[in-house]
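Below, chains carry the letters A, B, ... as their sequence lines are ordered, and counting in each starts from 1. Here the structure is a predicted model, which means the values were calculated and not measured.
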Protein chains: 2
Amino acid sequence: MDDRQDITAILEACAPDFERIEAALQEDFHSQVPFVTEVSGYILFAGGKRLRPLITVLAARLCGRDDGGVFSLSVVPEYLHAASLLHDDVLDGGQLRRGKPPAYKVWGNKAAVLVGDFLYARAIDIASSFGLAEISRVIAETVALMAEGEILQLLQAKNTGYDEATYDAVIFRKTAVLISAAARIGALFAGAAPELVAAADAYGQALGRAYQMVDDLLDYTADTAELGKRTGTDLAEGKVTLPVILAMARAGREEQRRLRGLFASGGGGEDDFRWVRGLIEQTGAAEEARRRAEAQVSEALAALAAFPPSRPRGILEGLARYVLERKK
Amino acid sequence: MDDRQDITAILEACAPDFERIEAALQEDFHSQVPFVTEVSGYILFAGGKRLRPLITVLAARLCGRDDGGVFSLSVVPEYLHAASLLHDDVLDGGQLRRGKPPAYKVWGNKAAVLVGDFLYARAIDIASSFGLAEISRVIAETVALMAEGEILQLLQAKNTGYDEATYDAVIFRKTAVLISAAARIGALFAGAAPELVAAADAYGQALGRAYQMVDDLLDYTADTAELGKRTGTDLAEGKVTLPVILAMARAGREEQRRLRGLFASGGGGEDDFRWVRGLIEQTGAAEEARRRAEAQVSEALAALAAFPPSRPRGILEGLARYVLERKK
């Protein structure tokens with residue numbers, strides 16, 4: 001089976017949903033301060049894939065509720081995602097975001113932080129408007145965990161003694177928690193039974209972990225042009241991720257020392273990056289990182305087995321498989 | 001009547017409430033990441049006056065509900081306040097906060113922004129836990145408005161053409177909205193009728209406006225030692241506030257030109273500050289700014305007239321009067 005074709009077909013089948021998601025996003029992001037609308041629009045409409053809203057919509061359908069109200073709800077995880085990107089880019093000094101200069105480069109740090117705050121708040125406001133306290137709580141907890149994840153990562157920067165358990169605590173908070181929230185609020189919106197809400201949540205968590213694992217691998221193995229942002233940024237920022245943790249465990253003493261030095265000093269040049277990339281490939285760390293991502297995808301698929309086969313289940317399965325195929 | 005004594009007596013009468021507020025604050029700010037707990041604690045327990053939580057508690061009582069549950073709710077506006085201080089200090093480069101170096105100076109910008117995000121989220125999470133959708137909405141709207149307020153202020157920096165309407169839009173969002181939210185959630189918690197919720201809200205708004213007007217005046221007229229932070233910071237940051245707007249309107253052409261130049265270049269030295277301070281006093285701008293604050297206090301008192309006389313009403317009246325007496 002050609003998975004690339006498969007995902008294209010899947011996403012095409014979802015085209016009407018994507019259109020309604022775009023319409024809902026356009027409706028809700030306005031502020032009384034035009035500048036806020038402008039900055040929000042810049043990050044929200046910079047070509048995001050809208051996978052998080054799609055997951056909310058599909059999770060609701062998976063749990064048997066298929067009505068238009070879910071589109072308004074589906075913007076919530078996309079707003080949270082945009083808000084976190086605004087803050088992350090300021091904090092990390094990122095240079096490219098979806099192929100464009102990040103908002104803080106255009107409007108300054110203050111604007112990026114404050115519009116991020118605004119989008120977090122709008123997301124929570126929209127979530128509250130559904131009158132389901134559990135949806136509000138999921139979203140508030142998600143924002144708290146996301147902030148913790150960034151902090152954990154910050155505390156661990158330049159630390160090549162970083163272990164897999166810490167890596168997991170970071171990617172759970174940085175990425176998985178938001179994707180699982182997207183699935184969970186869809187299920188809650190549908191009034192699903194607790195065990196099905198938990199299954200939707202487990203799907204999102206595993207999918208999110210797989211997604212971040214692949215992302216961290218691509219930062220070493222992808223082409224900058226295809227990725228839409230520079231490769232090697234994790235090394236430059238001293239951010240220790242799974243491929244490096246696995247390479248450290250497999251490298252000789254000399255190589256470990258060089259790795260440690262590079263992360264401690266935050267990078268080195270193009271040659272150093274090529275060396276790290278080579279080490280990750282030669283030690284088998286890249287392959288092993290991929291296997292970890294595959295295991296997460298299997299978990300995601302297993303979680304979906306709680307639901308009877310259906311069209312939304314098929315699409316969610318396709319999304320999980322696609323994570324392993326993505327090049328950006 | 002000696003108002004200073006008056007407020008001391010009022011606050012002493014509230015001592016048992018303050019104790020329960022502190023206990024609730026201690027209970028709820030913990031994170032699974034010890035570092036987050038540490039930074040949160042630094043800002044939360046830096047000697048804040050806890051007036052926002054007290055207002056929530058008193059508003060609930062004013063509306064006839066006096067039970068312990070309100071203390072958990074009362075921490076919400078204090079968390080939002082702490083979160084906004086963390087972000088503001090990073091964005092403004094503030095040098096002193098409650099007499100101590102601000103968190104970003106101790107732990108860096110990233111930590112301050114992210115712990116701010118965490119506290120916003122915890123506040124909303126706690127608010128959602130009451131299962132009253134309206135409380136969640138008030139809090140989410142408040143955070144969005146607070147972010148808008150900072151952005152408005154940012155957009156207007158160095159602009160001495162700033163008018164009073166814009167100043168009002170800023171102080172409503174920066175300060176009044178949070179104090180009114182503190183009052184409103186207390187009333188909502190008590191299950192008050194809509195017109196009483198609105199009266200509590202109006203009290204908080206007027207009190208908040210008065211508070212910020214006095215704050216902005218003190219930045220020119222107080223002693224640094226008494227204030228616990230430096231005076232003259234608004235001038236240094238090019239932040240145009242009410243005393244300056246009023247002085248501009250009353251100053252001669254030459255003085256206007258110098259004022260404009262000082263704000264455009266962001267400050268000048270100690271001599272310039274003394275000159276601005278003198279101008280604000282000599283033109284009568286200081287007196288007029290004070291009168292505006294007094295008018296807001298009258299509005300706050302008028303809003304309380306919707307409630308029959310009671311002990312909590314008396315305390316809320318005392319707080320409103322105290323705003324005019326405060327020296328820091």
**Q.** Working for side-chain contact (heavy atoms from CB on, under 4.5 Å), residues B/Glu150 and B/Asp88
**A.** CA-CA 8 Å; B/Glu150 287 294 327; B/Asp88 290 0; 3.2 Å; yes

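- The part of B/Leu154 that comes within reach of chain A is its side chain, from C-beta onward, which places non-hydrogen atoms under 4.5 angstrom from that chain.
- The greatest number of non-hydrogen atom pairs below 4.5 Å with chain A, out of B/Lys110, B/His87, B/Glu141, is found for B/Lys110.
- Heavy-atom minimum distance, A/Arg173 versus A/Leu145: CB-O, 3.1 Å.
- For the pair B/Tyr120 and A/Asp117, the tightest heavy-atom approach, listed with the atom from each and the gap, is CE1-OD2, 3.9 Å.
- Residue B/Leu152 touches chain A through its side chain alone, counting heavy-atom pairs closer than 4.5 Å.
- Heavy atoms of other residues, nucleotides or ligands lying less than 6.0 angstrom from CD of B/Glu22 number more than 12.
- Looking only at distances, a side-chain donor or acceptor of A/Asp219 sits under 3.5 Å from a matching main-chain atom of A/Asp234.
- Side-chain contact check for B/Ser40 versus B/Phe35: every heavy-atom pair is 4.5 Å or farther apart.
- At a threshold of 4.5 Å between non-hydrogen side-chain atoms, the residues B/Tyr42 and B/Lys100 count as touching.
- The candidate from A/Ile124, A/Ile126, A/Thr142 with the greatest count of non-hydrogen atom pairs under 4.5 Å with chain B is A/Ile124.
- No hydrogens or angles considered: a donor-acceptor pair under 3.5 Å links the side chains of A/Asp163 and A/Thr166.
- Taking non-hydrogen atoms and a 4.5 Å limit, the residue list of residues 69-84 of chain A in contact with chain B is empty.
- A/Val240 has its side chain within reach of A/Phe263: a pair of non-hydrogen atoms, C-beta onward, lies under 4.5 Å apart.
- Of the residues considered (B/Ala144, B/Ala133, B/Ala169), B/Ala144 shows the highest number of contacts with chain A, using heavy-atom pairs under 4.5 Å.
- Counting heavy-atom pairs closer than 4.5 Å to chain B, the top residue among A/Val115, A/Ile151, A/Val36, A/Val143 is A/Ile151.
- Both the backbone and the side chain of A/Leu114 come within less than 4.5 Å of a heavy atom of chain B.
- Heavy-atom distances place the side chain of B/Val113, and not its backbone, under 4.5 Å from chain A.
- At a threshold of 4.5 Å between non-hydrogen side-chain atoms, the residues B/Lys239 and B/Gln153 count as touching.
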